[in-house]
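To start, the structure under review is shown below, and the notes come after it.
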Amino acid sequence: MQWNLVLITVVAAVGIGVTAGCSPPFPRELLDKVEKNVPFTALQKDPDKYAGKLLMIGGIIVDTKNLKEGTRIEVLQMTLDGEGRPELTDDTSGRFLVMTQQFLDGAVYHRGRMITVVGEIAAPQVLPLGEIEYRYPVITGKALHLWSPYLGPSFSLGIGVYH
């Protein structure tokens, strides 16, 4: 009888851990307001159609610049998985800008970090990209999440010695 209780407790703890690990790192009330099923290509093609709408998009940081009005992060768009984490593939539909009114340190928000953003779509900006002029969709960040490097699937019950 006591082993059954231990087994039920372990199964419940694993279930809670798995459920918690599979949800995006943003408050549910914010995610409930996010427009679903907006392909990045549609946003690129007609950003004015989505102006003011709340979207969740992400990718790999290309550059971070601190400006007088806040921070601008240039991101290479990637498809998001079920947790909202950018998938590491070569498949991308382009770049976008994240604008915030706060100072975000480029040493933390550096090139190569994965980021997911929930924010409102603003007017696009045309900026130089190499020798061309590139039209960037712009998202005004309401919530940003930097992801730690992905090390593959793992499972732990918290038993053992860690250094």
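Predicted, not measured: the structure shown is a model, and the values here were computed from it.
Side-chain heavy atoms closer than 4.5 Å link hydrophobic residues (I, L, V, M, F, W, Y) into clusters, and following such links, even through other members, never connects Met99 to Ile121. Two different hydrophobic clusters hold Val108 and Phe103 under the rule that ILVMFWY side chains link at heavy-atom gaps under 4.5 Å. Put simply, Leu80 and Leu54 are part of the same group of oily side chains (I, L, V, M, F, W, Y) that touch within less than 4.5 Å, one to the next. A continuous path of ILVMFWY side-chain contacts below 4.5 Å connects Tyr50 to Val75, so both sit in one hydrophobic cluster. At a threshold of 4.5 Å between side-chain heavy atoms, the hydrophobic network of Ile, Leu, Val, Met, Phe, Trp and Tyr places Leu127 and Leu67 in one connected group.
Counting only distance, with no hydrogens or angles, the side chain of Thr116 and the backbone of Gly84 share a donor-acceptor pair below 3.5 Å. Counting only distance, with no hydrogens or angles, the side chain of Glu87 and the backbone of Met78 share no donor-acceptor pair below 3.5 Å. Judged purely by atom type and a 3.5 angstrom limit, Gln77 has no side-chain atom pairing as donor or acceptor with the backbone of Thr92.
Sparse packing is recorded around CD of Gln101, with 12 or fewer heavy atoms of other residues, nucleotides or ligands lying under 6.0 Å away. Atom NZ of Lys36 is surrounded by more than 12 heavy atoms from other residues, nucleotides or ligands within 6.0 Å.
Here the CD1 atom belonging to Ile60 is positioned 12.0 Å from the CZ atom belonging to Arg95, to the nearest 0.5 angstrom. Here Leu31 contributes atom CG and Met56 contributes atom CE; the two are 6.0 Å apart, rounded to the nearest 0.5 Å. The distance from the CG atom of Leu104 to the CD1 atom of Ile61 is 9.0 Å, given to the nearest 0.5 Å. How far OG1 of Thr64 is from NE2 of His110: 9.0 Å, rounded to the nearest 0.5 Å. The distance from the NZ atom of Lys142 to the CG atom of Leu30 is 9.5 Å, given to the nearest 0.5 Å. Separation of atoms OG1 (Thr140) and CD (Glu120) is listed at 6.5 Å; rounding is to 0.5 Å.
Looking at Glu74 and Tyr136, their side chains do bring a donor and an acceptor atom within 3.5 Å of each other.
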- Task: Given side-chain contact (heavy atoms from CB on, under 4.5 Å), test Ile139 with Phe96 step by step and report yes or no.
- Result: CA-CA 8 Å; Ile139 186 166; Phe96 65 94; 4.0 Å; yes
Task: CA sep, side-chain torsions, deciding dist, call: Gln125, Leu97, side-chain contact (heavy atoms from CB on, under 4.5 Å) - done: CA-CA 8 Å; Gln125 289 187 18; Leu97 298 176; 3.7 Å; yes
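Residues Asp48 and Asp46 form a side-chain contact, since some pair of their non-hydrogen atoms from C-beta on lies under 4.5 Å apart. Using a 4.5 Å heavy-atom threshold, the side chains of Leu55 and Val118 count as separate.
Nearest heavy-atom pair across Arg85 and Ser148 is NH2-O, 2.6 Å. Of all heavy-atom pairs between Thr41 and Ser93, the closest is CG2-OG, 3.6 Å. Across all their heavy atoms, Pro137 and Gln44 have their closest contact at CG-CG, 3.8 Å. Nearest heavy atom pair, residue Pro47 against residue Pro124, reads CG-CG, 3.7 Å. Lys53 approaches Lys49 most closely through the heavy-atom pair CE-O, 4.0 Å. The shortest heavy-atom contact between Gly94 and Tyr134 is CA-OH, 3.4 Å.
Partner of Ile73 under the side-chain contact (heavy atoms from CB on, under 4.5 Å) criterion, out of Val117, Leu144, Val62: Leu144 alone.
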